[in-house]
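Here is the structure we will look at, set down as structure tokens.
Throughout, protein chains are lettered first and strands after them, A, B, ... in sequence-line order, and every chain is numbered starting at 1. Both backbone and side-chain heavy atoms feed into the values below; hydrogens, waters and symmetry mates do not.
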Amino acid sequence: MSLSRYALRRLLFGAVQVLAVVTAVFLMVHALPGDAAVALAGDDPDPDRVEVIRRALGLDRPVLERFGEWLWGLARLDFGASVVSGRPVADTLVAALGPTVVLAVLTLVLLVPLAVAAGVAGALREGGPLDRALTSVTVGLHSIPEFALAIVLVAVFGVGLGWLPPTAVGVDVLAEPAVLVLPLVVLLARPLCSISRLVRAGMLDALASDYVRHARRLGVPPGRVRFAHALPNALAPAVQQVARTTDWLLGGVIVVEAVFVIPGLGTVLVDAVAARDLPVVQGLAVVFAVTTIAVNLLADLVAFRLAPRAAA
Amino acid sequence: MTVVRVEGLRAEARGRPLVDGVDLAVEAGRVLAVVGESGSGKTTTGMAVLGEAAPGVTVTGTVTVTGRVGFVPQHPAAALNPVRRLRKVFRELGPPEAVAAALRRARVDPDLLDRYPHQLSGGQQQRVVLAQVLVGDPAVIVADEPTTGQDAITRAEVVAELAEVVNQGVALILLTHDLDVVRALADDVLVLRAGRVVEAGPADDVLTVPRDPYTRALIDAQPRLTTPDAADSAPPLLRVAGLTARHRAAHVLHGVDLAVGAGECLAVVGRSGSGKTTLGRCLAGLHETYDGDVLLDGQPLPRSLRKRDRVAVARVQYVFQDARASFDPHRTVVEQVARTGVRLRGMTAAAARESALERLAEVGVDAAKAERAPSGLSGGELQRCALVRALLAQPDVLVCDEITSGLDTLTQAGLLDLLAGLTCAVVLISHDMGVVARLADRVAVLHAGRLVEHGPAHAVLAAPTHPVTTGLLGHTTIEEASK
Amino acid sequence: MRRVRPAAVLMVAVPLLLALVGPWLVPAEQARTAPFLPDGLLGTDFVGRDTWYQVLDGGRSVVLVALAATALAYAVGVPWGVTAATARLRIVDEVLMRPLDLLLAVPSLLLLIVLATVAGPGVAVLVGIVALIAFPDVARIARAAALEIGGRPALEAMRMQGESWWRTSVVYMGRSMARPLAADAGVRLTSSLYLVASASFLGVGVPPDAADWAVMVDRNRTGLFLQPWAVVVPAVLIIALSVGLNLLFDRALRKEPR
Amino acid sequence: GCGSGPTGAATTPKAGGRLRAAFAGGGAKEVLDPHLANLFVEAARSKALFDKLADLGPDVAAQPRLAERWEPNADLTRWRITLRQAVFHDGRPVRAADVLSSYARILDPARGFRAKSSLSVIDLANSRAVDDRTVEFALTRPFVEFPNVLAAFGAYIVPEGAEDFSRPVGSGPFAFVSFEPGKSVLLKRNPDYWEGAAHLDELQFVIANEESARVNALLGGQVDYAHDLTPTTARAHASGDRMTVVRSPNSAVQAFAMKLDRAPFDNRDLREAMFLLADRPQLVESTLAGAGQVGNDLYGKGYQYYADDIPQRVRDLDKAKHLIRKAGAEGMTIRLNTSTAAAGMVEAATIFADQAKGSGLTIEVVTGNKDTYWADILKDGVMSSFRSGAMPIETHIAQRLLSTSGTNVTKWARPGFDALYEKAVSTADATARAAVYGDMQRMLHAEGGYLMWGFADWIVGTATTVGGVSTAPANTLDWARFDKVWLG
Ligand SMILES: Nc1ncnc2c1ncn2[C@@H]1O[C@H](COP(=O)(O)OP(=O)(O)OP(=O)(O)O)[C@@H](O)[C@H]1O
Ligand SMILES: Nc1ncnc2c1ncn2[C@@H]1O[C@H](COP(=O)(O)OP(=O)(O)OP(=O)(O)O)[C@@H](O)[C@H]1O
Ligand SMILES: [Mg+2]
Ligand SMILES: [Mg+2]
């Protein structure tokens, strides 16, 4: 099967998947107790008032009708409007996507080289002190709950020493990149472990392989053997993990967003679920499903390049 | 000019000698074949010439090499980096002129360089590896089992390439147990047994008038390609009618019609990838996606093993090519072999064990060995155990898929004797015409999934009608290629 | 050749022991004072309870939830993946595996928030949700492993012997899958611990004043500057447990030479 | 340090600067429409941009704002209100028509604005603008507490016909500059404010939902004002020199609400037993970390009309046991509904359940969904955690304790009590009225459904350079009142 036909089939399946995800999310959120009117009424839930709000928000119309309308809008790339604030969902999503994408991209830009370097360094000195130290540190970072790491970092570097801004409150993350340092460290902690360990395992396998031995015998310089021959093979299994990480980063890193006050997709998600703002949650579901599908497709294409044999 | 000289080579691992007191010398443009049964120290010796040793192995002795050593590993597919296009690798190895020269010498079409290794055929892969080795302009090449597991046609190609390189003045050390290749290429032969040299000398002398009994046994054990006598054909027991098999969407067998009589041996031959294994698996019920029929005594056999009752399963048995992989590494051999008796012959566990041990002893695997886990047995021994496992079912038809390839001639001979003594019908899948000639009553030749020739062994082997058959019979091809 | 390091054993043993034995050592009646006082062995927590008793009491739920969720994920995921891998009809494979792709496309935190809200808090609910989030991955790994094992000559040889489904698909496959699954289990456990901890941060799944190490880390962090033990001790216990478990799994897997 | 009255290093006001104030927010659902305001941040923003006719003073009694004065007629059914000379940010004067149209908007039956129930006493059809600066309100019944209505939460005056609040125009001390939903709002000083221009040049509201984030931002110098801090934070930083802690006592009442219309709390003895079971000092100590005061089952400690002559209830386990036996509730399990909808509620519920141990009945804490909690407890369950911000005692009664009240959680419905309320709000004489309020509170104290165990301080942190932050209870005029604040 040619690559383009493969990609086309995946895209078609992806469209079905988006629809399925949106429907599933719709059903899930609809199963939540209460609706937007109740959430909006808050601590003044006078039943008459709730009823009036419900009517004002159009929530008294059959739910399937509203969902159908929303789907029809989606077909024309119209995400609808928030039932609560009346603002277009697309605006909300675009505003929240900014910080999320910035964080995700920066994390990946740092993560991939770091994880690869750590994995390769560990593999080249397998069992040595450097390898053991790298294992312990990465596994340790992997198992610290993010918010615990975040509070410690903020307490030490943000508040205690005052070297870095402790939060991103009210700042434009692009204008003041220093605010991103601590969130990035926290975001790097977990995937650094999972990816570097995969790279390390892949590198060990590759270094012990016939083709590396053959390349050495042919007199290929050691550096090239490691990085041009062994490394690409070691990366293939890590690609899928990078994809899962990207998906996680784009799916809203709620804890980091909350601790560092970065209003990204995760914050919007939590708020929208709390407000029972169905159009916003559904809009998010579309974004999440699309990114998941796109990221996995991309990962498969990269894997196709890295492991042409397996894909054939 | 002597390019390699090895004196007093000794290799040991944890005090146990692997190679002991090997001396050898090779001159430019000449071929030294190192032969011996499995584990006799061939690879260890070859590595020593390269200046390498397996982890945990210490090597002593002097190795003098004038010029560079190139190494052609056994499996070219494994030696080529799967993710890199060939051109890039060649660029790392030397200047364009040297690469171009090497490609010419190894007869590699430069157009192939834009491909990935998996896009090449086995023979092309082998030539590419050879070209890579030649870029460094080696004085000597060590080739480890370059022909193992290849069909006769590919084997002839490999021999031709190596011969050409030798003609260009490169010395060759050939590590092999394929005596045909030794005959075709070697100037000198060194026979190893348990790490010691038992005999050394010019190839013609050693192969025609071996002095050492071990050497003689090795040579005698090799099946010869002789034309068998005509035999009466038995009434068909197993029939294959219009078999068309698929792997997913790919058709790999097209309308194959075959028949095997009771007690007959049908050899299925063909090049690698021609569909031999698929055919065997269809018979055994291991491959289900096919159209057409497999009839036993005129009754169609269910496609899937799951749908075959125990009697039907017992009547058609299958022996796998890779004996080691066909055993569960966690249980003892006898335990596994005995299960056939329990499941297919309704014996008690004790009785099944009893008969298993008995049959194993008959094929030379004593109780002590049978009580070990598979890792404690050699490849040849395991292959015999696998055969016993199938035979305990008392099958009417036994399908054997290349069960002798990769074994040294002595071990192979033992297995062939065993097969020759069987009374059931045998479907023998092989690409070794010597084996076929020794055992087969009838021969079927597959090519690209089609049956291109099918008839009594004497007729097919004596008067092949299809070029593939001629190629597979290729005795002459090897001789021609080297001289 | 490689010995298990005592440090790794200690890292696992201390939290496990505390989690299992701890609750027995807690007195039934506990005095309550003001939050974050230096009273007692480790001071008081955010609602004036003795931190040491909370540490003793709070391991069981973390460890049990993580272990139970991982076990549940495997109990469901492995048969699921094996069924998909060994299904004769391709459609069965598709029907089993496609919905998992879907589940993976829904962010796990959305699942966590929504399901916990629908089902209400409770240990069983949390176990269910964490298992639900982990199980698609387990099913995929199990399917891949089963596919590989199902194609092995050893299994086919057993089928040629007329071996029963039980012996082939359960006994043999089970044993052969143990290794790839064990390699996965260490990381999976850490992930479960992490999810349990995140759930408490998001305020779903567990009551906000539960005796639970993860909840303690989250809820006592306001007092980090007043009485750090209430955060540090449970956090260190969680970290020690995951690092120790991973080191142990690593060793166990490396024992067999490659 | 903390104390009463304006705080801060700089004791003399200074003009200029931008104050950044961090509040918890509501994400993308935040709006700038002051009539929709619900969250604290929305209330604080509305206050900066708009004015009400009246607002609540430190004693939670209404005091004039845009209304210069009010005069009722003799039977308290018509109120004449004289407006101050004030202008909207676009230069238009605030007129009687703006007032009437703002109230008409709030009272629109098709929209559920929060202030609607308070304003429903107004007979809008018969109200009129006497002239540009005089409004005469007709009421549907005699109502002496009409100023409370003018001060109702969200009863802001917007320009006539205003519907689009994406660039809001008000008459408040600050004018709109920009808004990023869920992130920040920037305002600038209104130089023409009727009460005198604010000290600050600019005021920026930023959103940080996590308390720790607000504290860290404050400590890191990223904001100057952090709203709603925990007592623990206050304790940790009270003595340091990195922030100033400002406490507003009596801001939030903490309670358990029992439903009187159903078993088991239709039994008066059992309610009293619950009152006696509560160890209030411990609840205040543990859940409020001491930052609060013990309650006496009555709303509005320190507010106008609060009956502080009623003796303080204390824990009496023996009597409680006796009452439980008498009520036949021994061995009973009572479910106490709670949720994380407000900080500390679950903890208080657990502590109360602990305190009930050994009393003969068991209290089982059930944690519910935080998003729908207030609506849930209005309908279901028998006992629930409850919390409320400041409002006049009359408003509390009107909204929660009359048989007609919309949010009557305790289902307290007594014709006699309703009659007392009618009497109070139609009694012009303040002393006589106070006596009626006292009688009502005595009834509630004796057999009501609210177990009001404490009053939490409202805690705000500021940079040490900030001055002029008031300690008035949350939701009153001086709370979050940034036109009086300066940066030193
Ligand atoms: N790393 C090692 N450590 C210990 N023993 C080894 C090691 N490698 C090989 N051996 C042993 O050395 C002996 C010679 O091995 P070698 O690989 O040279 O045999 P060979 O003749 O090439 O056999 P084959 O035909 O099977 O390839 C064998 O008995 C083998 O078991
Ligand atoms: N699992 C599979 N999926 C797809 N194609 C397969 C699979 N197994 C074999 N094939 C293809 O089917 C064809 C026949 O394969 P088969 O294994 O029957 O050949 P063979 O004659 O046994 O070859 P060899 O001598 O190399 O063992 C080949 O082209 C092969 O690539
Ligand atoms: Mg060898
Ligand atoms: Mg084959």
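Between the side chains of S117(D) and S120(D), not a single donor N or O lies within less than 3.5 Å of an accepting N or O. R105(D) and H35(D) share a donor-acceptor pair across their side chains, judged by distance under 3.5 Å alone.
Using a 30° and 60° split on the angle between ring planes, F26(A) and F67(A) fall in the parallel class, below 30°.
E163(D) and R111(D) are joined by a salt bridge, as a carboxylate oxygen and a charged side-chain nitrogen come within less than 4.0 angstrom of each other. Ion pairing of D60(A) with R54(A) is absent here, as no side-chain N (NZ or NE/NH1/NH2) approaches a carboxylate O to less than 4.0 Å.
Both the backbone and the side chain of N216(D) come within contact range of chain A, with heavy atoms under 4.5 Å apart. Looking at R276(A), the atoms closer than 4.5 Å to chain D (heavy atoms on both sides) all sit in the side chain, from C-beta outward. The contact between P263(A) and chain D is made entirely by side chain atoms (from C-beta outward), counting heavy-atom distances below 4.5 Å. In this structure, chain D has a heavy atom under 4.5 Å from the side chain of V179(A), while its backbone stays farther away. Only the side chain of Q204(D) comes within less than 4.5 Å of a heavy atom in chain A; its backbone stays farther off. Heavy atoms of R214(D) lying under 4.5 Å from chain A are absent altogether. Only the side chain of V154(A) comes within less than 4.5 Å of a heavy atom in chain D; its backbone stays farther off. Interface remark: D43(A) contributes backbone and side-chain atoms alike to the contact with chain D (heavy atom separation under 4.5 Å). When heavy atoms are compared at a cutoff of 4.5 Å, K370(D) approaches chain A solely by way of its side chain, counted from C-beta outward. Only the backbone of A41(A) has a heavy atom closer than 4.5 Å to any heavy atom of chain D. For A375(D), the parts sitting under 4.5 Å from any heavy atom of chain A are the backbone and the side chain alike. Interface residue R114(D): backbone and side-chain heavy atoms are both found under 4.5 Å from chain A.
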(message) Using the rule given for ring pair (Phe, Tyr, Trp, His ring centres under 6.0 Å), can you reason through F256(D) versus F386(D), listing the C-alpha separation, both sets of side-chain angles and the distance that settles it, and then say yes or no?
(response) CA-CA 5 Å; F256(D) 300 114; F386(D) 186 84; over 10 Å; no
(request) Starting from the C-alpha separation in whole Å, work towards a yes-or-no answer on ring pair (Phe, Tyr, Trp, His ring centres under 6.0 Å) for F205(D) and F482(D). (result) CA-CA 11 Å; F205(D) 290 93; F482(D) 293 105; 5.7 Å; yes
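The most heavy-atom pairs under 4.5 Å with chain A, out of K116(D), K379(D), Q399(D), R242(D), come from R242(D). Comparing A37(A), A155(A), G42(A), G162(A) by heavy-atom pairs within less than 4.5 Å of chain D, the highest count is held by G42(A). When each of S166(D), S184(D), A217(D) is scored by its heavy-atom pairs under 4.5 Å with chain A, the top score falls to A217(D). Options D44(A), V169(A), V38(A) differ in how many heavy-atom pairs under 4.5 Å they form with chain D, and the most are formed by D44(A). With chain D as the partner, the residue from V159(A), V50(A), V273(A), L32(A) showing the most heavy-atom pairs under 4.5 Å is V159(A).
Within the 4.5 Å cutoff, the side chain of L74(A) has heavy atoms near those of the F79(A) side chain.
Here the side chain of T100(A) pairs a donor or acceptor atom with the backbone of L265(A) at under 3.5 angstrom.
Contact annotation for residues 400-410 of chain D against chain A (heavy-atom separation below 4.5 Å, listed by residue number): G406(D), T407(D).
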